[in-house]
Amino acid sequence: MSTKLIPVFCNEKNMANYAYILNDGASGKTIIIDAAEPNPIIRRLEELQLKPDYILTTHHHFDHVGANESLKQKYNLKIIAPEKEFDKVPAADIAARDGDPINIGALAITPIAAPGHTRGHILYHLPKEKMLFTGDVLFNCCVGGLFEGTPAEMFESLQKIKALPDDTLIFPGHEYTRSCLPPEAFNLPEFQTYLQKMLIREEGGTAPVTLAEEKRYNPYLQAQTLSEFLGQ
């Protein structure tokens, strides 16, 4: 049985968050990545008849941990949180450390330290499934704001992402594509495949871009030096 990924829109009216439900068909284990809001996640889990075993948290911001405590109470699951933000993540149980593998069922997950948006932000990479959950470090066609880190830290975090295989699928923490795209993109032929995927995601479907596509369209990934990244 294959791995199934189901995106769940949360905080739709204001934050356009993604929570992700990831089910390992081999073991039956189910993970939630960034439990943003309880009701949409619970509703989707019930539709899928799944019981979650773990939450993986990318960073401590309220719109990524808002369902942690209620889901833990309901499902008796474990919450994995970034080591450097562990005390800031509600109901955290297990620390995620840079490079230390996390094995859940048949899923092998590698945490990647990616400071910038927050000091202790973690990416979750699943090499076999070619998935990367980027939280608020990398969005489609843009990046997250610097709430705690520095431009240099964000630049280095993006270099870590760029070093991954080009066929890696990007799963960000928000659906901000439409507001991040340059206005002329909607009329340019070379953007049409990218835009079609955005439209599918906006309707709640699964249509991730590859890292190769993101390198092509995201100006923040095109910078080769910190000076270029800063627009200098």
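Quantities reported herein were computed from a predicted structural model and do not represent experimental measurements. Along the sequence shown, the residues carry numbers beginning at 1.
In this structure the side chain of L50 never reaches within 4.5 angstrom of the side chain of Y75, judged on heavy atoms. You'll find the side chain of T206 stays beyond 4.5 Å of the side chain of I6, heavy atoms only. Looking only at side-chain heavy atoms (C-beta outward), L211 and L132 stay at 4.5 Å or farther from each other.
Under 3.5 Å, the side chains of D167 and T210 contain no donor-acceptor pair of N or O atoms. Neither side chain, Y194 nor E213, offers a donor N or O lying under 3.5 Å from an acceptor on the other. The closest side-chain donor-acceptor pair between D136 and H174 falls under 3.5 angstrom. A side-chain donor from one of N140 and E214 sits under 3.5 Å from a side-chain acceptor of the other. For the residue pair N11/D63, the side-chain donor-acceptor check at 3.5 Å is not satisfied. Remark: the D34 side chain and the T58 side chain contain an N/O donor-acceptor pair separated by less than 3.5 Å.
Following chains of ILVMFWY side-chain contacts shorter than 4.5 Å, one can reach L45 starting from V65, so the two form part of one hydrophobic cluster. A single hydrophobic cluster is seen to contain both L77 and V8, as judged by linkage of ILVMFWY side chains at heavy-atom distances under 4.5 Å, directly or through other members. L138 and M131 fall into different hydrophobic clusters, defined by Ile, Leu, Val, Met, Phe, Trp and Tyr side-chain heavy atoms under 4.5 Å apart, directly or through other members. In the hydrophobic cluster analysis, where Ile, Leu, Val, Met, Phe, Trp and Tyr join through side-chain heavy atoms closer than 4.5 angstrom, L199 is grouped together with Y217. Residues I94 and L126 share a hydrophobic cluster, clusters being chains of Ile/Leu/Val/Met/Phe/Trp/Tyr side chains in contact below 4.5 Å.
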Please determine whether side-chain contact (heavy atoms from CB on, under 4.5 Å) holds for the pair K162 and L221, giving the CA-CA distance in whole Å, both sets of side-chain angles, and the decisive distance to 0.1 Å. CA-CA 7 Å; K162 288 170 64 175; L221 292 185; 3.9 Å; yes

For the pair Q222 and K215, evaluate side-chain contact (heavy atoms from CB on, under 4.5 Å) and give the outcome as yes or no after the intermediate values. CA-CA 6 Å; Q222 294 166 7; K215 286 179 179 177; over 6 Å; no

If you apply the rule ring-ring contact (aromatic ring centres under 6.0 Å, His included), what do you find for F171 with Y20, and how did you get there? CA-CA 9 Å; F171 295 95; Y20 294 98; 5.5 Å; yes

Tell me, with the steps shown, if F229 and M154 meet side-chain contact (heavy atoms from CB on, under 4.5 Å). CA-CA 10 Å; F229 183 68; M154 177 64 87; 3.8 Å; yes

Worked check of salt bridge (charged side-chain N to carboxylate O under 4.0 Å, His left out) between R178 and E202: CA-CA 9 Å; R178 186 175 291 272; E202 288 181 340; 2.9 Å; yes

I'd like to know whether L5 forms a side-chain contact (heavy atoms from CB on, under 4.5 Å) with I21, so could you lay out the CA-CA distance, the side-chain angles of the two residues, the decisive distance to 0.1 Å, and finally the verdict. CA-CA 6 Å; L5 179 87; I21 298 171; over 6 Å; no

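Atom CZ of F139 sits about 12.5 Å away from atom CD1 of I170, to the nearest 0.5 Å. Note that SG of C141 is 5.5 Å distant from CG of N218, once rounded to the nearest 0.5 Å. Here the CG-CD1 distance, from N68 to I79, works out to 4.0 Å after rounding to the nearest 0.5 Å. To the nearest 0.5 Å, atoms CD (E46) and CZ (R43) are separated by 9.5 Å. If you take CD on E69 and CD on Q73, they are separated by 9.0 Å, rounding to the nearest 0.5 Å. Here I33 contributes atom CD1 and T134 contributes atom OG1; the two are 11.5 Å apart, rounded to the nearest 0.5 Å.
Taking the six-membered ring where the residue is Trp, H117 and H61 present perpendicular rings, their angle passing 60° and hence far from 30°.
Note on R216 versus E190: no salt bridge recorded, every NZ/NE/NH1/NH2 to OD/OE distance being 4.0 Å or above. Taking a cutoff of 4.0 Å between a charged side-chain nitrogen and a carboxylate oxygen, E47 and R44 qualify as a salt bridge. The existence of a salt bridge linking K78 and D53 is excluded, since no basic side-chain nitrogen approaches an acidic carboxylate oxygen closer than 4.0 Å.
The backbone N or O of K4 lies less than 3.5 Å from no partner atom in the side chain of N23, so there is not a single donor-acceptor pair. A donor-acceptor pair under 3.5 Å is absent between the side-chain atoms of K84 and the main chain of H121, judged by distance alone. Judged by distance alone, with hydrogens and angles left aside, the side-chain atoms of E85 form a donor-acceptor pair with the main-chain N or O of G120 at under 3.5 Å. The main-chain N or O of P208 is found under 3.5 Å from a side-chain atom of K197 such that the two form a donor-acceptor pair. A donor-acceptor contact shorter than 3.5 Å links the side chain of E228 to the backbone of Q224. The main-chain N or O of T150 is found under 3.5 Å from a side-chain atom of E153 such that the two form a donor-acceptor pair.
Heavy-atom minimum distance, V137 versus S157: CG1-CB, 4.4 Å. Closest of all the heavy-atom pairs between I32 and P52 is CD1-CB, 3.8 Å. Between E175 and F9 the shortest heavy-atom distance is CB-CE2, 3.7 Å. Summarising the geometry of D24 relative to A106, their closest heavy-atom pair is OD2-N, 2.8 Å, with the distance given to 0.1 Å. Residue G116 comes nearest to L146 through the heavy atom pair O-CD2, 3.4 Å, listed as atom of the first residue, atom of the second, then distance. Minimum interatomic distance between P111 and I122 (heavy atoms only, all atoms of both residues): CB-CG2, 3.8 Å.
When the side chain to side chain contact (heavy atoms under 4.5 Å, CB included) test is applied to K88, the partners found at least two apart in sequence or on another chain are H60, E148. Listed by chain and number, the residues in a side chain to side chain contact (heavy atoms under 4.5 Å, CB included) with I104 are K29, I31, Y54, I80, I102, I109 (sequence neighbours excluded).
When ring centroids are compared, F191 and F186 stay outside the 6.0 Å threshold.
In this structure, C142 and C180 have their SG atoms less than 2.5 Å from one another.
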